[in-house]
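A quick write-up on the structure given underneath.
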Amino acid sequence: MLDNTAILDRKTENAMYTALKYSLVIPIYNEEETLAALYQRISKVMERLDGSVELILINDGSRDRSLEIMRELHEKDGRVCYLSLARNFGHQIAVTAGLNFSRGQVVVVMDGDLQDPPELILDMVEQWRQGYQVVYAQRTQRRKEGWFKRFPAYMYYRILRHLADVDIPIDTGDFCLMDRCVVEVLNSMPERNRYIRGLRAWIGFKQTAVKFERDPRFAGDVKYTFRKSLRLAMNGLVSFSKVPLRLSIYLGLFAACVSIFMAFLVLYWRLFSPNSSLTGLAIVMIAIFFLGAVQLVSIGILGQYVGRIYEEVKGRPLYTLAEVAGFRQGDDAK
Ligand code: UDP
Ligand code: MG
């Protein structure tokens with residue numbers, strides 16, 4: 001068994017080690033069909049980078065052969081390091097683990113399904129040389145993704161932009177390059193509901209975009225199920241905006257206005273058209289349901305925030321590690 005505390009303590013030590021120039025951080029969840037092709041394409045890019053590179057693969061509790069393939073890649077190529085989380089912790093946490101262990105002066109985060117073209121890293125590095133500390137990839141087009149994915153994503157990013165306290169650029173995912181100074185700040189952020197693209201925007205520094213067309217997945221199914229996507233979207237909204245909380249005040253005020261209006265209406269009907277059937281049970285029922293709904297929605301919104309406070313207060317570690325290899329020469333922990 002692996003001593004997690006010892007491994008986590010190593011994070012700081014790793015960060016001090018800056019002889020490495022580039023770290024590529026890639027979360028992997030059941031990607032056995034893609035890993036070989038991913039490695040092939042990335043190694044071509046690694047050859048073209050002007051310094052030493054480490055390729056950090058994070059196994060996020062895969063149930064297929066992903067971890068075995070990672071071990072093979074590590075045996076074959078010393079630049080490949082991997083972390084294996086003790087269960088599926090989700091994409092954002094897997095990326096966080098990779099960032100914690102990264103040692104390069106420049107860190108690139110990308111998906112493991114080849115939807116993010118590795119060749120774009122070269123353009124990102126070019127921007128970094130121009131003096132930008134964060135270079136994020138911005139999608140101009142999503143190829144071969146259905147409207148049921150494209151449309152909600154399109155709307156979500158635009159709504160979030162209006163509501164969020166920080167300026168989160170639209171149509172950007174987690175595919176980005178970050179300078180060590182940004183990674184250090186990100187690593188020091190303790191929150192467990194991590195919406196990395198939001199945190200990245202919050203950190204600041206000089207940021208810029210490179211545009212790209214998002215390819216379809218190389219192989220396998222989407223690992224972000226509808227539920228996981230919804231949770232991520234909710235996280236983004238709740239972590240970066242207090243507007244939903246204000247919404248309950250507005251809803252309450254609206255309900256109050258409607259009831260005052262209705263009171264006058266009922267009074268009018270009683271005085272001037274006593275035969276109106278609308279003053280009966282129906283209107284009472286509607287009022288009860290309406291108020292009930294307003295209250296439940298408000299409690300639900302409040303619950304989202306309170307639930308997050310509860311999560312944070314527990315202060316559990318973000319992830320548990322089952323296996324680590326390649327981060328120190330001749331020191332593979334298993
Ligand atoms: N992923 C992960 N843990 C999860 C879900 C996904 O590490 O619980 C990884 C997955 O292997 C891939 C990346 O996150 O490398 C993006 O996942 P996916 O392609 O399914 O998401 P989408 O492209 O729809 O954003
Ligand atoms: Mg994908």
Side-chain angles (χ1 to χ4, degrees), residues 24-42 55-70 73 80 82-102 108-118 120-121 136-154 156-157 160 168 170-176 192-198 200 212-236 318-323:
L24 310 181
V25 171
I26 308 183
I28 299 291
Y29 179 52
N30 296 343
E31 304 281 7
E32 60 179 3
E33 295 156 279
T34 320
L35 266 170
L38 176 75
Y39 173 72
Q40 288 271 311
R41 238 171 107 179
I42 290 214
L55 173 60
I56 304 178
L57 300 172
I58 305 103
N59 172 36
D60 186 16
S62 301
R63 281 186 295 268
D64 63 359
R65 286 194 61 250
S66 298
L67 181 58
E68 281 138 65
I69 301 172
M70 284 181 200
L73 290 174
V80 180
Y82 65 85
L83 304 169
S84 184
L85 305 188
R87 65 168 172 86
N88 178 250
F89 278 90
H91 177 219
Q92 303 288 303
I93 299 295
V95 170
T96 304
L99 291 175
N100 286 165
F101 275 79
S102 68
V108 176
V109 176
M110 61 184 290
D111 281 359
D113 57 357
L114 287 174
Q115 276 197 290
D116 301 333
L120 200 72
I121 295 173
Y136 50 82
Q138 195 162 34
R139 299 182 282 265
T140 51
Q141 211 180 17
R142 285 164 176 254
R143 281 196 213 132
K144 292 219 181 88
E145 281 184 312
W147 64 268
F148 52 90
K149 172 133 192 178
R150 284 206 319 250
F151 182 70
Y154 179 89
Y156 174 72
Y157 285 115
L160 184 64
I168 302 174
I170 48 172
D171 298 332
T172 58
D174 293 325
F175 186 20
C176 69
R192 53 219 48 248
N193 283 294
R194 297 181 90 78
Y195 188 65
I196 292 175
R197 57 201 83 161
R200 188 180 71 203
F212 80 115
E213 287 185 11
R214 197 154 205 238
D215 292 326
R217 201 168 224 292
F218 178 79
D221 298 325
V222 176
K223 305 301 179 306
Y224 254 98
T225 53
F226 178 70
R227 238 183 70 215
K228 279 187 180 170
S229 302
L230 201 64
R231 199 186 303 155
L232 182 73
M234 200 62 141
N235 252 340
L318 284 174
Y319 50 85
T320 43
L321 287 163
E323 195 174 319

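The figures here come from the full heavy-atom set of this structure, side chains too, leaving out hydrogens, waters and symmetry mates. Each ligand, and each atom within it, is numbered from 1 in the order the structure gives.
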Task: Per-atom contacts, ligand 1 versus Asn88 - under 4.0 Å to a heavy atom - done: 3 (N), 4 (C), 8 (O)
Open item on the list: Any side-chain to backbone donor/acceptor pair from Asp60 onto Ala94? Under 3.5 Å, distance only.
Closed with: no
- [ ] Check whether any side-chain heavy atom of Ile69 lies under 4.5 Å from a side-chain heavy atom of Ile28, and answer yes or no.
- [x] no
- [ ] For Gly90, counting its heavy atoms only, list the atoms of ligand 1 lying under 4.0 Å from any of them.
- [x] 3 (N), 8 (O)
Open item on the list: Rounded to the nearest 10°, what angle sits at the Mg ion (ligand 2) between OD2 of Asp113 and OE1 of Gln115?
Closed with: 100°
Open item on the list: I want to check something: taking the side chain as every heavy atom from C-beta on, are Leu57 and Tyr39 in contact at a cut-off of under 4.5 Å?
Closed with: no
- [ ] Report the residue from Asn100, Leu55, Ile58 that forms a side chain to side chain contact (heavy atoms under 4.5 Å, CB included) with Val25.
- [x] Ile58
Open item on the list: Quick check: Ala94 and ligand 1, any N/O pair under 3.5 Å apart?
Closed with: no
Task: Approximate separation, where rounding is to 0.5 Å, of Ile56 CD1 and Phe101 CZ - done: 9.0 Å
Open item on the list: I'd like to know whether ligand 1 has Gln92 as a neighbour, heavy-atom separation below 4.0 Å.
Closed with: no
Open item on the list: Test your reading of the model: is there a side-chain donor-acceptor pair from Ser66 to the backbone of Glu31, 3.5 Å cut-off?
Closed with: yes
Open item on the list: At under 4.0 Å between heavy atoms, is it the side chain or the backbone of Ile28 that contacts ligand 1, or both, or neither?
Closed with: backbone
Task: Proximal ligand 1 atoms for Glu31, defined as those under 4.0 Å from one of its heavy atoms - done: 10 (C), 11 (O), 12 (C), 15 (O)
TODO: Could you list which atoms of ligand 1 come closer than 4.0 Å to a heavy atom of Tyr29?
DONE: 1 (N), 2 (C), 3 (N), 4 (C), 5 (C), 7 (O), 8 (O), 11 (O)
